[in-house]
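Below you'll find the structure, written out as structure tokens, and then a few comments.
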Amino acid sequence: MTASAMMTSSFVDNHGFSSMVCMQGQGVVKGYAIGRAAIMSAAALEVAHYRIADEDVETECARLERAIVRAGQDLQTLIDTLPPDAPREVEPLLNVHRLLLEDPLLSEQACDFIRARHYNAEWALTTQGQMLAEQFASMEDEYLRERSADIRQVIERVLRVLSGTTSLLTNAETVDASDDPLIVVARDISPADMMRLKGARFAAFLTDLGGPTSHTAIVARSLNVPAVVGLGHVRMLVRDGDMLVADGFSGIVLVNPSQQVLAEYRQRQAAYLREREELACLRDAPAVTLDGIEVKLEANIELPEEAEMALAAGAQGIGLFRSEFLFMGRAGLPSEEEQYRAYAFVVKTMAGRPVTIRTLDIGSDKTLDGEVTVATNPALGLRAIRYCLAKPEMFSTQLRALLRAAVHGHVRILVPMISHMHEVRAVHQAIAAACRELTARGVPYSRNFSVGAMVEIPAMAIAIEPFADALDFLSIGTNDLIQYTLAIDRGDAEVSALYDPMHPAVLRLIAHIINAGERVGKPVAVCGEMAGDARVTRMLLGLGLKEFSMHPQQLPDVKKEILHAHSNALRMKVATALNRAARIDLEELSA
Ligand code: PEP
Ligand code: MG
């Protein structure tokens, strides 16, 4: 996303009249930062473009070639001297840049511009870079599209060598003189620059370009420094030393806010830091009720990198990895290799903890790009497992990637929207066929996996017994279970007041599933929004739930509730109410 919504508003503050600019980007690393702007140089925007004389052509080509070699050597040195605490994504990213610099096409075609058009080296290189970046940007494959950012960053490196610039910041002295924390403001930040900035006291990163999967986002996430990307023109609008507030939650950036606004954000920052400290204290404490019932707390993630956030929050595993986010917002489907890399990354990050990866849950509210649905009611149409079974090759590709990822740890394959037993059999057959295919190809995979299903269709919940027998585990998708039980479209604001997680019918279904799991000794989790809502934690404990999976940020609040709850007393209170199909009084459960 490059377009940014921008508003300006004015305030009278303690120091008189001040004007505040408010920009909207994408918050990719959560947290608040308040500090002074440190603008990063952008050689591509600053170098001079001029024509050279005939007799200087060969010298100019040689100057360009030397600069490209030098930029490559600098990168190699950086790779060789990476500190042990460097985020592990950095080295492969730096290697991509080094390979781009070694490609003879880069210097050959830029030298063609010097010879044919008499451009100076900087101009020739920028022109060549723009052409390459545009070619990559128009490619269908998302991976190749992202390479256009690499081209821009590599060109920037060479331009810096050509201009002899060593400082990354436009005004290092102002920055050195400031006592406030500093916020880097850049057009884009390459992984190599991130490594140079890493040691300094930067409180946040703001960039014009980039999205949630850009290098800035990935590295900032590993460094745990708040970041907002895709701001459009932040580098042009902000001056060195401007006071900034960066909100990594909402993606809002305030430039020169009033004293009142600053005070408000300082409070939010302090509250957030306090919450983080509390979280740190609770992180490694087991979630055990007062009467000694152990509860498993896992995390829901949508992007592979979020596994780190899950670990930092103390999650005991991944209870739901919504794999559809690898498939959305792109042209074409991800290959087996790309999927394998994403799943293996999560499994390795979780270091032996179980990782539950849901097979593609597409349709209804989530659609693939370019796919036009003709279903009269997509929520009841060809979605999730129905869609996968209708596209056996696509399903098999995902299953093979999952089986290969199981080499690195325990993978739990979670199948969404099951309503019939024949679907369970079809899934088992598809998995067996994927194993045979990998064996035939001689590709390593592991049988260290289990197969479970989301319980989110009332029919399955009511007739749960054969499913509990045939599957290794169950995970209740309350978001859809509520939608289908109450006939309330979960995305329709007009009926949202009727979307009632506490409806006795919903709670009876949840209790019925948990009891069936207990009877046959199969684990049952809840991974819908209810699991992360601390207001209903006691009620879920009262239903007998022992596995919760939620957004990592919700984990500490839920854990606090569990630590203060008495499970057996809750089970009795909840059972009494359910027998009468009466509404459960949440306040009474907290007493
Ligand atoms: C659910 O339905 O509860 C669930 C977790 O899946 P999703 O929200 O992705 O449909
Ligand atoms: Mg669902």
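Every number for a ligand or one of its atoms is a count from 1 in the order of the listing.
Each of the following atoms of ligand 1 lies closer than 4.0 Å to a heavy atom of Met454: 4 (C), 5 (C), 6 (O). Taking every non-hydrogen atom of Leu320 and a distance limit under 4.0 Å, the qualifying atoms of ligand 1 come out as 5 (C). For ligand 1 and Asp480, the ligand atoms under 4.0 Å from any heavy atom of the residue are 1 (C), 2 (O), 3 (O), 10 (O). Counting the atoms of ligand 1 from 1 in the order shown, those under 4.0 Å from a heavy atom of Gly477 are 1 (C), 2 (O), 3 (O). Remark: ligand 1 atoms within the under-4.0 Å shell around heavy atoms of Arg490 are 2 (O), 7 (P), 8 (O), 10 (O). Of all atoms in ligand 1, numbered sequentially from 1 with element shown, those under 4.0 Å from a heavy atom of Glu456 are 1 (C), 2 (O). Interface of Gly528 with ligand 1, defined as ligand atoms under 4.0 Å from a residue heavy atom, comprises 3 (O), 5 (C).
Expressed to the nearest 0.5 Å, how far CD1 of Ile385 lies from OH of Tyr387 amounts to 12.5 Å.
The nearest N/O/S atom of Glu456 to the Mg ion (ligand 2) is OE1. Closest to the Mg ion (ligand 2) among the N, O or S atoms of Asp480 is OD2.
Checked against ring pair (Phe, Tyr, Trp, His ring centres under 6.0 Å), Phe395 has no partners two or more places apart in sequence or in another chain. Shown here are the side-chain contact (heavy atoms from CB on, under 4.5 Å) partners of Glu588, two or more places apart in sequence or in another chain: Lys573, Asp585.
Not one N or O of Arg383 is nearer than 3.5 Å to an N or O of ligand 1, by distance alone. Ligand 1 has no nitrogen or oxygen under 3.5 angstrom from a nitrogen or oxygen of Glu324.
Taking the charged nitrogens against the carboxylate oxygens, Arg383 and Glu324 have no contact shorter than 4.0 Å, which rules out a salt bridge. In this structure, Glu298 does not pair ionically with Arg353, as no charged nitrogen and carboxylate oxygen lie closer than 4.0 Å. Of the charged side-chain nitrogens involved, none lies within less than 4.0 Å of a carboxylate oxygen, so that Glu529 and Arg490 do not count as a salt-bridged pair. Glu275 and Arg268 are not joined by a salt bridge, as no carboxylate oxygen comes within less than 4.0 angstrom of a charged side-chain nitrogen.
Only the side chain of Arg358 comes within 4.0 Å of ligand 1, counting heavy atoms alone; its backbone N, CA, C and O stay farther away.
The closest approach between a heavy atom of Gln483 and any atom of ligand 1 is not below 4.0 Å. Between Glu302 and ligand 1 there is no heavy-atom distance shorter than 4.0 Å. At a 4.0 Å cut-off, not a single heavy atom of Glu529 sits close enough to ligand 1 to count as contact.
At least one donor-acceptor pair closer than 3.5 Å links the side chain of Arg386 to the backbone N or O of Leu380. With hydrogens and angles disregarded, a donor-acceptor distance shorter than 3.5 Å links the side chain of Asp291 to the backbone of Ser567.
Checked by atom type, the side-chain pair His410/Asn448 shows a donor-acceptor distance below 3.5 Å.
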